[in-house]
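Chain A is the first sequence line, chain B the second, and so forth, proteins listed ahead of strands; every chain is numbered from 1.
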Number of protein chains: 4
Amino acid sequence: MKKTEEELAACEKYQRILDAAVEVIAERGYFKSPVSEIAKRAGVADGTVYLYFKSKDDVLRTAIDRRFETFYQQIADAFVTIAGPREQLEYIAQVHLESYQVNRSMAVLLQTEMRQSAKFIAEFSHRHLARYIQTVREVVRRGQDMGIFRSDLSDGVVAHCMFGTIDELVSSAIFTGRIYDAKATAAQVMDVLLNGITATKA
Amino acid sequence: MKKTEEELAACEKYQRILDAAVEVIAERGYFKSPVSEIAKRAGVADGTVYLYFKSKDDVLRTAIDRRFETFYQQIADAFVTIAGPREQLEYIAQVHLESYQVNRSMAVLLQTEMRQSAKFIAEFSHRHLARYIQTVREVVRRGQDMGIFRSDLSDGVVAHCMFGTIDELVSSAIFTGRIYDAKATAAQVMDVLLNGITATKA
Amino acid sequence: MKKTEEELAACEKYQRILDAAVEVIAERGYFKSPVSEIAKRAGVADGTVYLYFKSKDDVLRTAIDRRFETFYQQIADAFVTIAGPREQLEYIAQVHLESYQVNRSMAVLLQTEMRQSAKFIAEFSHRHLARYIQTVREVVRRGQDMGIFRSDLSDGVVAHCMFGTIDELVSSAIFTGRIYDAKATAAQVMDVLLNGITATKA
Amino acid sequence: MKKTEEELAACEKYQRILDAAVEVIAERGYFKSPVSEIAKRAGVADGTVYLYFKSKDDVLRTAIDRRFETFYQQIADAFVTIAGPREQLEYIAQVHLESYQVNRSMAVLLQTEMRQSAKFIAEFSHRHLARYIQTVREVVRRGQDMGIFRSDLSDGVVAHCMFGTIDELVSSAIFTGRIYDAKATAAQVMDVLLNGITATKA
DNA sequence: CATGAATGAGACTTCATTCAT
DNA sequence: AATGAATGAAGTCTCATTCAT
């Protein structure tokens with residue numbers, strides 16, 4: 001029984017540290033966020049952080065990993081009931097755009113600290129993005145097979161277009177403080193992506 | 001004559017420090033790039049960096065500023081002879097995609113350090129991006145006025161779509177090591193942007 | 001009990017750092033006393049100094065503050081039983097002259113670093129001296145009211161005379177290495193101050 | 001002839017550097033006064049300072065030396081016509097008090113930077129003060145021999161009393177910004193010194 | 001499990017001094 | 001004689017991490 005209590009306590013602290021880290025790092029940047037500050041915000045002693053994580057770096061990586069896990073889980077869950085390629089893309093766009101509202105600190109962090117260095121990105125961040133791209137590519141290919149999407153387009157280029165576009169909108173909203181309506185913006189973005197900007201295709 | 005030589009020497013060192021900084025920071029990240037390493041790579045003493053720049057931060061800002069200056073200058077020069085909105089967008093896309101080939105270190109740096117912290121971005125980086133967005137928006141509006149582009153689209157959303165898309169392609173290429181043909185890729189991207197991905201608009 | 005031990009440890013280190021700082025700075029001067037040297041003499045790591053003090057400056061200020069606190073406390077305590085203005089002045093003179101024997105390093109420091117820069121003095125040191133002057137002035141005024149001291153003299157000038165005189169004797173003793181008997185010297189100084197140097201006022 | 005011109009130029013620059021150093025050091029303190037700032041204020045290149053002085057330290061020492069030289073010269077000149085011990089002491093007091101008005105920067109410097117460290121004072125500053133004390137002692141002794149001053153007093157103590165008192169008044173005036181009338185203040189100080197503060201010597 | 005005092009490597013920056021011109 | 005660009009040693013301070021309690 002003790003163990004369970006301890007595990008709960010552990011879990012709670014573990015989570016508190018992660019949350020605190022995301023908050024602090026979003027505010028001050030990774031390299032200006034002392035572990036002591038994260039610990040204080042989490043309500044634990046400095047040393048305690050090292051009971052749950054190997055290093056400061058590990059805290060950041062774990063926080064990002066978990067966020068992406070949640071994101072992909074949400075997509076996977078929804079895809080059970082959303083079948084159409086068009087609708088699936090729209091759903092991804094919406095969740096992506098909503099991410100900024102779910103946890104602003106995390107959104108800031110994803111737009112900034114995840115890009116620590118070429119090495120960090122190459123080894124770590126890219127893995128997460130690759131999964132996003134992969135997911136979209138598959139949907140696009142299915143759409144192409146079904147004749148819904150143009151078959152002369154590279155599914156990779158389309159996927160990067162979509163991710164890049166939405167990522168940039170989130171980024172821009174964060175740094176200008178703009179507020180948007182995730183659903184409406186998703187609709188606009190998808191309109192451009194699906195139909196292009198050329199007038200009167202008569 | 002002496003003076004000119006001295007000026008050249010000064011300019012040369014100034015430039016060497018900037019180049020070294022871009023290289024080192026691209027490799028290791030800003031916070032893991034000691035000034036001493038930048039100085040060594042530039043072939044000067046540590047203190048010499050501070051003869052030409054106010055601080056380490058100043059070196060990075062200056063390098064980025066100069067890169068953007070060049071970029072916008074190139075666009076402005078070309079716009080004298082390229083008139084059509086469609087062609088102008090294509091040209092921007094192409095130069096943007098080429099940027100990665102002009103100076104890979106600088107491209108890495110733009111994808112990483114320029115987004116280092118929320119504050120840095122809010123105060124500094126955003127200024128450069130805003131100019132990009134502004135340029136594209138103007139072209140889009142002109143295209144809309146001329147009936148070339150759909151008038152029901154927000155020029156802002158279109159601009160963010162375009163920047164985000166291309167930026168993401170550059171980023172992806174950098175971190176995966178993929179090589180692409182700037183002109184061909186620009187054509188593909190613009191095809192998606194202009195015509196959308198929906199099939200058979202019959 | 002643990003807590004008390006820890007507090008003692010903390011206090012002990014705090015005190016050790018202060019003592020080391022006073023010693024080192026007295027020997028070498030503030031600007032030629034690296035924190036690393038103070039730490040070494042205190043037997044702690046460099047960084048430890050910053051656990052107890054905000055800055056190198058803070059160490060010096062604290063040391064001086066505490067010294068003056070002790071000084072004024074001693075005066076206040078004694079004034080409970082010493083009532084006569086003449087006797088009170090004599091007591092101040094004596095304690096002032098003894099200060100040099102209590103802690104030579106601190107005496108050196110008061111003669112050097114406390115007057116290191118105009119700014120430092122204006123903002124910090126002057127506060128301590130002002131209190132000295134103020135104390136003496138009050139005694140002098142009381143003596144004037146009681147008819148013991150001449151009423152045609154400015155109490156301010158008298159106070160500065162007294163402080164300046166004794167301070168100079170301490171200073172001179174320190175820098176020449178001269179040894180004096182505090183009580184006897186106090187008596188001589190007060191004789192001059194009280195009676196003047198003019199002969200046979202017949 | 002050339003030589004003379006050069007010597008003049010040299011002398012002028014030499015003096016300009018000294019003046020600039022006194023000014024800058026009085027404003028910012030010795031250790032916060034870069035040689036480059038002194039050079040700039042003197043209107044010469046950094047390197048030029050080293051044509052006239054061995055080191056930064058040498059500039060400060062020379063400036064102080066010259067000031068004292070002037071001071072003692074003025075005393076010596078006046079003593080030719082001022083013969084009485086009492087009058088001689090009054091004259092010294094007056095010149096000492098005036099020093100603060102002659103060159104405020106230099107006065108500040110004498111009250112601060114001259115006390116760099118125990119070593120500096122022991123080796124350098126004290127020499128100047130010793131001469132002051134010596135001068136006063138001789139006058140006092142002569143006064144004692146002539147029966148003008150009490151013979152039971154140590155001439156050394158009297159000399160320190162006088163120097164300390166006046167030095168403190170100058171110091172206090174500098175750091176509080178107080179303005180005084182040198183002649184009147186000299187009279188007051190000498191009144192205390194000569195007659196003491198005890199009332200009704202009936 | 002938890003603590004937090006202590007460590008010490010390492011960062012940025014300043015500046016006295018030199019020396020080629 | 002004069003310059004001022006360049007040097008590089010040295011200083012203050014931060015902070016990730018450890019470990020005795």
Taking [atom1] from [X] and [atom2] from [N], how many angstroms apart are they, rounded to a whole number?
X      : N       : atom1 : atom2 : value
K54(C) : dC13(F) : NZ    : C1'   : 14 Å
L60(D) : dA16(E) : CG    : C1'   : 15 Å
F53(D) : dT18(E) : CZ    : P     : 16 Å
K13(A) : dA2(E)  : NZ    : C1'   : 6 Å
I38(B) : dG8(F)  : CD1   : C1'   : 17 Å
D57(B) : dA11(E) : CG    : C1'   : 14 Å
D46(D) : dA1(F)  : CG    : P     : 18 Å
K56(C) : dT12(F) : NZ    : C1'   : 8 Å

Nearest atoms (heavy-atom pairs only) where [X] meets [Y]:
X       : Y       : answer
P34(C)  : K32(C)  : CD-O, 3.2 Å
I121(D) : R115(D) : CD1-CA, 3.5 Å
V49(A)  : I17(A)  : CA-CD1, 4.1 Å
S55(A)  : Y50(A)  : CA-CE2, 4.0 Å

Subject >> side chain to side chain contact (heavy atoms under 4.5 Å, CB included) between L109(A) and N103(A), intermediate numbers included >> reply: CA-CA 10 Å; L109(A) 197 147; N103(A) 185 340; over 6 Å; no
Original post:
Does the ring of Y30(B) carry K56(B) above it, NZ/CZ under 6.0 angstrom from centre and within 45° of its axis?
Top reply: yes
**OP:** Hey, which sits more toward the 5' end of DNA chain F by its nearest nucleotide, K32(C) or G47(B)?
**Re:** G47(B)
Subject >> Whichever of S36(C) and V44(D) has its nearest DNA chain F nucleotide further upstream toward 5' >> reply: V44(D)
For the side chain of [X], starting at C-beta, report the closest nucleotide among [options].
X      : options                   : result
Y52(D) : dA2(F), dC12(E), dT14(F)  : dA2(F)
S55(D) : dT17(E), dT7(E), dG4(E)   : dT17(E)
T48(A) : dT7(E), dA2(E), dC15(F)   : dA2(E)
V35(C) : dC12(E), dC15(F), dT12(F) : dT12(F)
L51(B) : dT3(E), dA2(F), dT7(F)    : dT7(F)
A45(C) : dG8(F), dA16(F), dT7(E)   : dT7(E)

Subject >> Comparing Y30(D) and P34(B) on DNA chain E - which has the more 5′ nearest nucleotide >> reply: P34(B)
Subject >> Phosphate-side-chain proximity, Y50(A) and dT17(F), N/O vs OP1/OP2 below 4.0 Å >> reply: yes
**OP:** State the pairing partner of dA20(E); accept Watson-Crick or G-U wobble contacts with both distances under 3.5 Å, and report none otherwise.
**Re:** dT3(F)
Original post:
Considering every strand shown, what is the Watson-Crick or G-U wobble mate of dG10(E) when both distances are under 3.5 Å?
Top reply: dC13(F)
Original post:
Which is true for V49(D) with a 4.0 Å heavy-atom rule: it touches a base, it touches only sugar-phosphate, or it touches nothing?
Top reply: nothing
